[in-house]
Each structure stands twice: as structure tokens, then as C-alpha cells.
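Okay, structure first, notes after.
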Amino acid sequence: MRRHKLNWIWIILLGLFVGSCEDYLDRSPDDGLSEDDVYKDYSSLLGFMDRIFQNGDILIFTHGINSYSNTYVTVGNLSDEYASVRDNDPSKFVNAGNWLENASTRFEIGSKSDGANFKSAISRAYTGLRIVNRVISGVDQVKSITDDQRRKLLGQAHFLRAYFYFEIIKRYGGMPIFDQLWGASDDFDFPRKTYQESNAWMQTDLDKAIEYLPISWPDEEHGRPDRVSAMALKAMTQLYAASPLMQNDLNSIENKGYGKEMAAEAARSAQKAINAIESHEYYRLMNHDEYRSIQLMPNSNQFAQPEYLWFLRWHHGNWSAFVRAQWLTQPYDNKTGAEGTPYNAPTQNAVDMYERKGADGKYYPITDPRSGYDAVKTTNPYSDRDPRFTNNILVPGEQWGKNLQGVPYYLTTYSGGYSENFISTNQFTRGSQQTGYMCKKFIWPEASVPLFGEAGFQLYRLVAVYIRVSQVYLDMAEASYEATGDPDAVVTGCTMSARQALNKIRVRAGIGELPDGVDFREAYRRERGVELMFEGHRWYDIRRWMIAEEEGVMQGGMLGIKIYQIPESTEYRYEPYVFETRSFSRRMYLHPFGTGEILSLIHISE
């Protein structure tokens with residue numbers, strides 16, 4: 001069964017969302033709608049909630065630009081995945097240690113919005129909470145509603161409330177419980193909760209979502225969260241709650257290790273989600289031969305893949321601008337402005353996560369002598385690497401695309417190459433250091449104005465995927481191991497060990513089972529970094545693991561690659577170099593609050 005683009009019947013209500021709800025804390029009681037409008041009938045209340053799915057205004061379109069005050073970057077630029085080849089990029093303020101909310105950091109640090117087109121991640125979550133709380137609090141006011149309709153409304157609303165709340169607490173830590181609507185005259189003075197208290201409340205929403213939601217929706221409504229989506233989100237949120245950062249109370253930020261009991265709960269939830277996936281009529285772990293198409297879909301009428309468990313199926317019309325601004329540079333782009341030459345470049349730090357095949361045919365981390373990497377690192381460092389490397393990363397000198405006469409194009413980001421020289425002199429990029437790499441995961445050779453014109457950008461589509469099947473196996477591997485300390489132990493209530501879950505992803509990737517003698521914690525974290533690279537997870541993972549302050553993660557030198565031709569030879573020399581020095585201190589593990597939030601939440605503390 002394929003999931004295709006079908007029209008949901010969106011209910012457009014007169015005056016919809018006229019009132020301001022840019023900030024959940026503004027206590028606006030009506031969002032411009034009367035109760036009669038919202039609760040008129042089932043279709044009216046469903047339409048009110050369905051605004052969340054309609055476009056990228058509330059749920060974040062993760063590949064977008066100028067969509068949540070992010071200009072041209074993603075949270076990957078805040079982690080060791082990407083470097084921004086763009087002067088005065090918002091991520092550079094954060095990476096330099098400037099975590100105060102301002103116009104340059106607001107896409108991720110802060111809760112304000114700068115008008116209709118610039119809504120921060122936190123602002124969007126607050127808006128979503130307002131909507132779903134209206135649904136939950138007033139569903140019983142709807143006349144002539146069937147039990148099935150009520151369950152579907154509440155199931156989605158409880159799922160979305162948990163999701164939006166999770167988006168807030170994974171940034172800020174524990175927060176007050178946002179479980180009701182407040183009027184302008186209501187007392188808004190209530191205390192902040194610890195992360196564990198916040199998580200406990202969030203789990204009650206997910207339990208209700210699992211109870212109420214159908215196992216799947218009809219094809220025309222695929223994309224709404226279903227029971228499997230809720231099970232996967234439950235496992236993910238419990239894994240976060242078990243992580244070292246989340247063991248702190250409101251007065252400490254230190255590495256206290258994993259919460260083993262919560263890790264065991266996360267493992268049991270992941271096992272239930274895996275069981276549901278493996279028995280589902282549609283969801284599945286896609287196979288090795290399909291790997292490239294997990295992210296790239298033919299831009300015909302398809303909008304989902306069997307691996308997508310929770311995603312935003314909306315696709316922006318101005319697609320070429322996003323691809324150009326995020327991942328392309330000269331000569332693949334014909335523009336020289338802010339959306340042309342600048343791009344987000346993978347770092348050498350990210351490249352080093354990919355394992356290499358040793359002489360015995362097994363894949364090892366490149367720091368393991370059995371990988372044979374040291375013998376080739378200056379002459380042929382990309383040989384025999386994890387196949388996902390060639391799926392995700394473009395390297396200097398790699399053939400990519402052809403011109404209209406069929407002549408191959410090659411990536412000229414090496415020293416003295418066309419792209420490197422152009423970037424070093426362009427007014428938007430000349431102050432930035434380059435890494436030498438380009439992201440391949442989300443682009444295709446025809447995505448090039450000089451080669452194919454605008455039509456080339458329409459060959460494939462990307463949607464924002466928040467949870468996919470492979471993540472559930474990775475969640476299982478981490479949770480089971482951290483609950484038991486043994487990769488081969490099986491948590492009570494589970495049937496799969498951490499090693500079995502990890503190997504499921506490794507075998508699909510084509511690198512085989514984990515060899516003996518490899519540290520398991522390092523292995524699952526490396527596997528998570530590779531499998532989910534550039535998909536919006538790494539920034540939150542390195543913070544919840546409390547490793548961001550380690551040298552080479554978010555502290556100290558970030559590496560790129562320089563390639564030089566050896567004189568009087570056809571061979572090249574590869575040399576990593578430090579292109580940027582970043583600063584990360586322990587206080588940065590949790591996001592700072594904006595002034596408006598501190599004033600609104602009297603008992604809140606940072």
C-alpha cells in the first residue's frame with residue numbers, strides 16, 4: 001500500500017485565528033473565535049485542531065528557511081553535524097556561547113515571534129498547546145458527536161499536547177503543567193516542575209492517546225498521529241526522561257548518569273512500539289536497497305514512506321529556495337545572494353562517525369586499529385566506509401551532476417577549486433571557513449538551476465519527519481543497555497536485547513552486526529548519529545547525554561578537510577584542519593528563558 005497525496009477536508013471557519021495566539025502565555029481566551037464557532041459540531045472542532053497540520057505555521061517544517069526565525073539554518077548547525085558557510089549566521093552566535101535571546105538566536109533560543117512568518121520553536125509549541133487544550137476542555141460541549149468521533153478528537157489532542165509539551169521541556173527542562181485554558185483574570189502564578197514531574201504528566205497524555213487513537217487511519221487521512229505514532233513518542237519521551245541531563249532537579253546541572261528504572265520503562269515502551277510496527281499493514285523498516293528513498297520521494301503524488309511514524313506531510317511550494325539555501329553552493333546554484341552561495345556544510349567531526357570495513361570484512365570505528373583507517377587517512381580516507389556515508393555526504397572531487405551537454409560536474413570544494421574560491425570571495429561567505437563537504441542526504445543531481453533550471457527541483461520532495469521506524473530500534477538499544485548495563489540482557493517485559501535492536505539497523509545499513517570488542521555505549525551513540533544524521537536529533541542527543549561540553553563535540557575545534565594535489569603526482573593529500581572554535585559550558589545544557597516568560601511565570605527559575 002502506498003500513501004499518496006489526498007485532500008483532507010479542511011474546515012475553514014470565518015475569522016479563523018484572527019486573535020493573537022503567538023504566545024501561549026498571553027492568556028488570550030478565544031483566539032478570535034467564539035465558543036459557538038469552535039464547538040458547533042464535530043467538523044468545526046476538528047477543523048479548529050486541523051490547523052496544526054495545514055502548513056508549516058505550527059509544526060516545524062524542518063527543512064525550511066525563514067520559517068521559525070531560523071533564516072537559513074537548522075539545529076544541526078548548533079551540533080557537530082553542520083557548519084554554516086554563511087557570514088553572521090544565527091548559529092554562530094550560539095556556538096560562540098551567546099545564549100541570550102536576540103534576533104540572531106531566536107529560532108532556537110527564545111519564545112518570541114517576529115510576525116506571521118517568524119515563529120520560534122517554543123512559540124509554535126505554545127500556540128499548539130492553546131489549540132489542543134481548547135479541544136480537550138470543550139469536546140463535551142459538541143452536540144451530536146459520536147463516541148468514535150470523540151475518541152479520535154481526544155486521541156489526537158492528547159498526542160499533540162504531549163508532543164508540544166515535549167518540545168518545550170526538552171529545551172527548558174521541567175516546566176509548569178499546561179493542562180487548561182486561562183482567562184485574562186485567572187491566577188497565572190504557579191510553580192515550575194522538575195523534568196521528572198513534567199514527564200510523569202506528559203505520559204498520562206500519551207497513555208490516553210494510545211487508548212483512543214486507531215491503529216491506522218484511512219489512506220485519505222494518513223499523516224494524522226495514530227496509535228503506533230503515540231507508542232513511538234512514548235518510548236522516545238521516556239528515553240529522554242531516563243537520560244543524564246533529565247535526572248537533575250531545578251537547582252543542579254550535573255551528570256548523574258541514567259535513571260535505570262525509567263530506562264527500563266522506555267525499553268518496554270519501545271518493545272511495544274516495535275511489536276506494533278512489525279505487525280502493521282503499512283509501517284516497516286525499509287530495506288537496504290530502498291535506503292536512498294527513505295528521505296527522497298518522487299514528487300508525484302506520494303507524500304509518505306512506510307518508515308514515517310510521525311511527520312508533517314505538508315510540502316512548501318517554494319521548494320527550490322529551501323534546497324539552494326540549505327545545501328547548494330556554486331556552481332550548482334545560479335544565484336550569488338543570501339540563498340545562493342552560502343550553505344550548511346557537514347563537518348569532519350560528523351564524517352568521522354562513519355565506520356570503515358577492516359580486512360576481516362567487519363566494520364569498525366575509524367579509531368579502532370582493525371578498521372585499517374590509519375593506513376589510508378591521508379591518501380584515501382573515504383574508501384570502504386559505511387554505505388550511509390555515500391548516501392549522506394558529498395566529498396571534494398566527487399562527481400555530482402552533468403551539464404546539458406552530458407559533461408560530468410565534480411565537487412570543487414578542494415583547495416584552489418572553483419567552489420572554494422567562489423565562496424572565499426562572495427560577500428555573504430568570504431568571512432566563513434569551509435569544511436570541504438556538502439550534504440547529499442536531501443539533494444539530487446538534477447537540483448541545479450544551471451543544469452536543469454527550476455524543473456530539476458521538482459523531481460523529488462521532502463517532508464518533515466519527526467519519528468521514523470529506525471529511531472524506535474535505536475531508542476530500544478539505548479534504553480535496554482542503560483537499564484541493564486549489558487547489551488545482551490533482556491529487560492523484563494521485552495523480547496529483544498539492546499544488541500539485537502542495534503544490529504537490526506546495522507544490518508539494514510549494510511555494515512553487519514556489531515563486532516566484538518567495541519564499547520556498546522559508544523556504538524549505539526555513533527549509530528544514532530549516523531542513521532539520524534541531519535534529521536534534527538543530534539543537538540538534543542548530545543545535550544541529554546551531557547557530552548556537548550567535550551572537546552570535539554561542541555567545545556573547541558571543529559574540523560573540516562583540506563585536499564592538496566601532491567606535486568608532480570596525480571595523487572592527493574587529505575588534511576583535517578580546524579575551521580572554527582566553539583564554546584559550550586555546562587550552563588548551556590538548558591535553554592535560557594526569555595524575559596516575557598519570567599515575568600509571566602512568577603515562580604519560574606532558571
Side-chain angles (χ1 to χ4, degrees), residues 158-159 161-163 165-177 191-211 230-277 467 471-502 519-525 527-528 537 540-547 589-590:
H158 282 293
F159 174 94
R161 186 163 71 176
Y163 176 75
Y165 191 65
F166 178 55
E167 287 295 293
I168 294 172
I169 66 174
K170 76 179 185 182
R171 292 173 168 87
Y172 285 159
M175 287 289 283
I177 303 302
R192 184 182 182 188
K193 303 293 185 181
T194 66
Y195 194 95
Q196 297 304 317
E197 291 170 330
S198 292
N199 176 68
W201 174 70
M202 180 172 58
Q203 296 306 317
T204 64
D205 265 337
L206 288 169
D207 288 340
K208 291 175 182 176
I210 292 170
E211 177 185 355
M231 296 168 82
L233 182 58
K234 184 176 180 67
M236 180 183 184
T237 56
Q238 287 179 325
L239 178 60
Y240 269 64
S243 300
L245 178 61
M246 284 65 178
Q247 305 315 302
N248 286 281
D249 57 24
L250 298 178
N251 301 307
S252 66
I253 301 181
E254 57 185 273
N255 192 332
K256 298 184 178 182
Y258 279 81
K260 292 186 178 298
E261 291 184 5
M262 182 55 69
E265 285 297 317
R268 284 187 279 270
S269 293
Q271 182 71 73
K272 291 176 182 177
I274 289 170
N275 293 345
I277 291 165
I467 304 177
Q471 182 196 326
V472 182
Y473 286 98
L474 293 170
D475 288 351
M476 177 69 187
E478 179 178 348
S480 180
Y481 177 75
E482 297 300 347
T484 64
D486 181 352
D488 298 307
V490 177
V491 172
T492 302
C494 298
T495 59
M496 179 179 286
S497 70
R499 189 185 302 276
Q500 289 171 323
L502 186 70
D519 182 86
F520 194 82
R521 178 179 286 170
E522 292 181 4
Y524 80 65
R525 290 182 175 180
E527 186 63 30
R528 190 178 182 94
H537 293 274
Y540 305 106
D541 284 342
I542 61 177
R543 287 172 49 246
R544 67 182 178 87
W545 293 334
M546 297 195 73
I547 64 170
Y589 277 113
L590 295 176

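We count residues from 1, following the sequence as given. Model, not experiment: these values are computed from the prediction.
- Residue pairs meeting the salt bridge (charged side-chain N to carboxylate O under 4.0 Å, His left out) criterion with at least one partner in residues 250-276, sequence neighbours excluded, are E265-R268.
- Annotation: side chain of L239 is not in contact with side chain of M236 (no heavy-atom distance under 4.5 Å).
- Scored by the salt bridge (Lys or Arg N to Asp or Glu O under 4.0 Å) test, K170 finds E167 as partners (sequence neighbours excluded).
- Distance check: I253 CD1 to L590 CG gives 4.5 Å after rounding to the nearest 0.5 Å.
- Counting only residues at least two apart or on different chains, the salt bridge (charged side-chain N to carboxylate O under 4.0 Å, His left out) pairs with a member in residues 201-210 are R161-D205, D207-K234.
- Taking every heavy atom of both residues into account, S269 and Q238 meet most closely at OG-OE1, 2.5 Å.
- Heavy-atom minimum distance, A267 versus A479: N-CB, 3.6 Å.
- Between the side chain of S480 and the backbone N or O of M476 there is no donor-acceptor pair closer than 3.5 Å.
- Residues meeting the side chain to side chain donor-acceptor pair (under 3.5 Å) test with D519, sequence neighbours left out: none.
- When the side chain to side chain contact (heavy atoms under 4.5 Å, CB included) test is applied to A276, the partners found at least two apart in sequence or on another chain are V228, M231.
- A498 and A477 get closest at one heavy-atom pair: CB-O, 3.2 Å.
- A donor-acceptor distance shorter than 3.5 angstrom exists from the side chain of Q196 to the backbone of M246, with no hydrogens or angles considered.
- S198 places a side-chain N or O within 3.5 Å of a backbone atom of M175 that can act as its donor or acceptor partner.
- Looking at residues two or more places apart in sequence or on another chain, you find a side chain to side chain contact (heavy atoms under 4.5 Å, CB included) between A230 and F159, A209, I210, L213.
- Note that OH of Y473 is 5.5 Å distant from CD1 of I274, once rounded to the nearest 0.5 Å.
- A search for ring-ring contact (aromatic ring centres under 6.0 Å, His included) contacts involving F166 returns Y240, not counting sequence neighbours.
- For E527, the side chain to side chain donor-acceptor pair (under 3.5 Å) partners two or more places apart in sequence, or in a different chain, are R388.
- Under the rule for a ring-ring contact (aromatic ring centres under 6.0 Å, His included), the partners of Y163 that lie at least two apart in sequence or sit in another chain are W310, Y466.
- Judged as a ring-ring contact (aromatic ring centres under 6.0 Å, His included), and not counting sequence neighbours, the contacts of Y481 are F520.
- In this structure, S252 contributes its side chain and N248 its backbone to no donor-acceptor pair below 3.5 Å.
- For residues 472-481, every residue pair satisfying the salt bridge (charged side-chain N to carboxylate O under 4.0 Å, His left out) rule, not counting sequence neighbours, is listed here: D475-R528, E478-R544.
- Of all non-hydrogen atoms in A273 and A232, the two that sit nearest each other are CB-N, 4.1 Å.
- For the pair Y195/Q247, no side-chain contact is recorded, criterion being any heavy-atom separation below 4.5 Å from C-beta on.
- Legend: salt bridge (charged side-chain N to carboxylate O under 4.0 Å, His left out) pairs involving residues 482-499, not counting sequence neighbours, sorted by first then second residue: E482-R521, D488-R499.
- Remark: side-chain polar atoms of Q271 are paired, donor with acceptor, to backbone N or O of M496 under 3.5 angstrom.
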